[in-house]
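Heads up: the structure comes next, in structure tokens.
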Amino acid sequence: MAKRPEWLDNAVFYEIYPQSFADSNGDGTGDLPGITEKLSYIRELGCTAVWLNPCFESPFLDAGYDISDYCRIAPRYGTNEDMYELFRRAHELGMHVLLDLVPGHTSWEHPWFRESMKAEENEYTHRYVWTDSVWTEPQGYASLRGISQRDGSCVVNFFTHQPALNYGFFQPEQPWQQSMDSPGAIATREAMKDIMRFWLSKGCDGFRADMAGSLVKNDPDSEGTIALWQDIRSFLDEEFPDAALISEWGEPDKSLAGGFHMDFLLHFGPSHYNDLFRCEKPFFSGKGSAAEFVKKYRENYDRTDGKGLICIPSGNHDMDRLARSLHGDSLKLAFAFLLSMPGAPYIYYGDEIGMRYVENIPSVEGGYGRTGSRSPMQWDRTANAGFSSAPAEKLYIPLDPDPDRPTVSGQMADPHSLYSEVRRLIALRHATPALQSTGKIEFICDGSEGQPLVYTRSTASQKILVIINPTDRSFKYRASGDIIYSLGKVTSDRDGIEVPAVGAAFCNAE
Ligand code: NOJ
């Protein structure tokens, strides 16, 4: 288990999609000086760390997940100096900054790929996964074919314009499949370390690693990929022992074995995450069940020896906004859950005010259905919701057109708003060690249909009982103790604690 930087134990993250957060120069697209200016807002909400989606040079066919220069900030966001300034200001506010590391692929415009496409052998010939002839298709992988002088097909990692970097095959089976210790695979790994070294030495505090489990090919049990990350972890331990690493992997046992500090719970695959938030009958709407989620969560928790370092996000740039399927107090319940679970919680920008999914807008930069969750932050009721001074038609993504769209300024002024509830919950988490990342969790009721979700969080000296009741009936639980948080009119007497319909209570368990 990698040694964790202390700040992670009580970190509450805020994810910023840089295009859409704050536009300081009026060109319609968010930028780094805009983010720096708003860091105090994030700090005031109670978040102690931010994760920025990629802000590096890119042709932006996948909103920046198609990088063409890992060490240069894309001009539309500002300069490298602006990023250093963002680090500096965050540290001044006691915050930490994670950048998005995209180790699995580059843009097809990256100079490495341009060189790699050449027929003549050069330094980058083996930087990507190529077959030995254009007529050989890589079985089981999508590929780019017929676009290079080089006679070969190149494996892609995600969209067609994202060629896969070569970290080798765990079990090479074809002559063109290189092993993990081939010079080409080692050179790619070292290049990735150089990129990390570059940003960490400028003040970055760590990385969220994109598709972290995808690097080594033909690696059915991820043994090769785990070994690769372990090597990266030892480099970090030696040169940047405080650097935090969080993976987009969705298998915490593998990720933690690879040296990551925490792993994201994914919205796809077997996690049942969206049973809670986004499906026909989400648990927090009071109509669905949390039971399958709890079952999977427990399995993962047990597999990581109860370390439970699984990050549950409120949402992210790849999934529907929370407020697309949850409304009113159901949203508050969802946050009561998110902010009382182990692992670091992640709040996607705007979810704290219930920003909505913007329906029926054209795809922007490879967003497709994801575009509606990436609209500009709604700060106030001035032009463009205070996001930008550009003409409305120049905004990177159109705003939520509803004149009653929620805004930061409106919700900050209202003690009953979602924002105020989220702020209260974060403050409570900061003040209550058992609710933080490493406090142990034990489920008591698994939120089967019509039932609440009940669990305890504990440290050696503190035990908190959490009752979350999204159903339409009140629920009485046999327990006693001081109530430290309530949503709705919670009462307590000798027979127990009564939580109203669509209500929640946290109490000191005795
Ligand atoms: C996961 C990212 O979150 C997503 O936005 C991106 O399109 C893919 N990885 C490819 O990098």
Side-chain angles (χ1 to χ4, degrees), residues 13-21 30 50-70 74 77 98-110 112-113 128-129 141-144 154-167 188 192 195 206-217 225 229 245-251 255 260 262-269 271 273-274 278 311-322 346-351 357 363-375 396-397:
F13 280 86
Y14 192 88
E15 178 191 342
I16 300 178
Y17 188 71
Q19 291 88 321
S20 297
F21 197 57
V50 294
W51 155 33
L52 302 183
N53 293 113
C55 19
F56 316 107
E57 275 223 326
S58 163
F60 291 104
L61 295 177
D62 184 14
Y65 281 93
D66 48 329
I67 295 172
S68 54
D69 187 341
Y70 285 94
Y77 298 131
L98 298 192
L99 294 180
D100 210 319
L101 181 75
V102 187
H105 50 265
T106 65
S107 156
W108 59 13
E109 287 188 18
H110 195 295
W112 294 346
F113 189 64
Y128 298 84
V129 185
Y141 303 94
S143 63
L144 273 166
C154 185
V155 170
V156 299
N157 225 31
F158 195 68
F159 286 139
T160 313
H161 52 75
Q162 290 161 324
L165 284 161
N166 173 31
Y167 295 92
T188 309
M192 213 37 69
I195 291 159
F207 301 94
R208 171 268 189 187
D210 187 68
M211 298 173 69
S214 74
L215 305 192
V216 177
K217 306 301 182 204
T225 308
W229 282 112
L245 267 193
I246 317 260
S247 53
E248 186 200 34
W249 194 321
E251 293 180 276
S255 150
F260 282 94
M262 298 185 182
D263 185 29
F264 269 108
L265 192 78
L266 299 183
H267 56 291
F268 49 88
S271 75
Y273 164 81
N274 276 333
R278 299 170 185 80
C311 298
I312 312 187
S314 69
N316 72 23
H317 59 289
D318 291 333
M319 54 177 130
D320 288 358
R321 283 273 182 195
L322 202 56
Y346 275 70
I347 298 175
Y348 183 49
Y349 82 97
D351 277 353
Y357 179 88
S363 172
V364 175
E365 295 184 346
Y368 304 100
R370 305 176 293 183
T371 310
S373 299
R374 301 174 173 185
S375 62
Y396 168 78
I397 288 176

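FYI, the numbering just counts along the sequence from 1. Order of listing sets the numbers, starting from 1, for every ligand and every atom in it. Bear in mind the structure is a predicted one, so any value in this text is a computation, not a measurement.
Listed by atom number, the atoms of ligand 1 under 4.0 Å from His317 heavy atoms are 2 (C), 3 (O), 4 (C), 5 (O). Each of the atoms 10 (C), 11 (O) of ligand 1 lies under 4.0 Å from some heavy atom of His105. Below 4.0 Å from some heavy atom of Arg208 lie the following atoms of ligand 1, by number and element: 3 (O). Of all the atoms in ligand 1, the ones that sit under 4.0 Å from a non-hydrogen atom of Glu248 are 1 (C), 3 (O). With ligand atoms numbered from 1 in the order given, ligand 1 contributes 9 (N), 10 (C) to contacts under 4.0 Å with heavy atoms of Met211.
Residue Pro313 comes nearest to Leu265 through the heavy atom pair CD-O, 3.9 Å, listed as atom of the first residue, atom of the second, then distance.
Taking the six-membered ring wherever Trp is involved, the centroid distance between the rings of His317 and Tyr65 falls below 6.0 Å.
Geometrically, Arg374 does not engage Tyr368 in a cation-pi contact defined by less than 6.0 Å to the ring centre and at most 45° from the axis.
What sits closest to atom 5 (O) of ligand 1 on the protein, heavy atoms only, is Asp318 OD1, 2.7 Å. When hydrogens are left out, the protein atom nearest atom 9 (N) of ligand 1 is Asp210 OD1, 2.9 Å; that is the closest non-hydrogen contact.
A donor-acceptor pair shorter than 3.5 Å cannot be found between the side chains of Tyr70 and Thr106.
Taking the six-membered ring for Trp and thresholds of 30 and 60 degrees, Phe13 and Tyr346 have nearly parallel ring planes, at less than 30 degrees apart. Ring geometry, His105 versus Phe158: the interplanar angle falls under 30°, so the pair is classed parallel (tilted spans 30 to 60°).
Of the candidates Asn53, Asp66, Asp62, it is Asp62 that places a heavy atom closest to atom 6 (C) of ligand 1.
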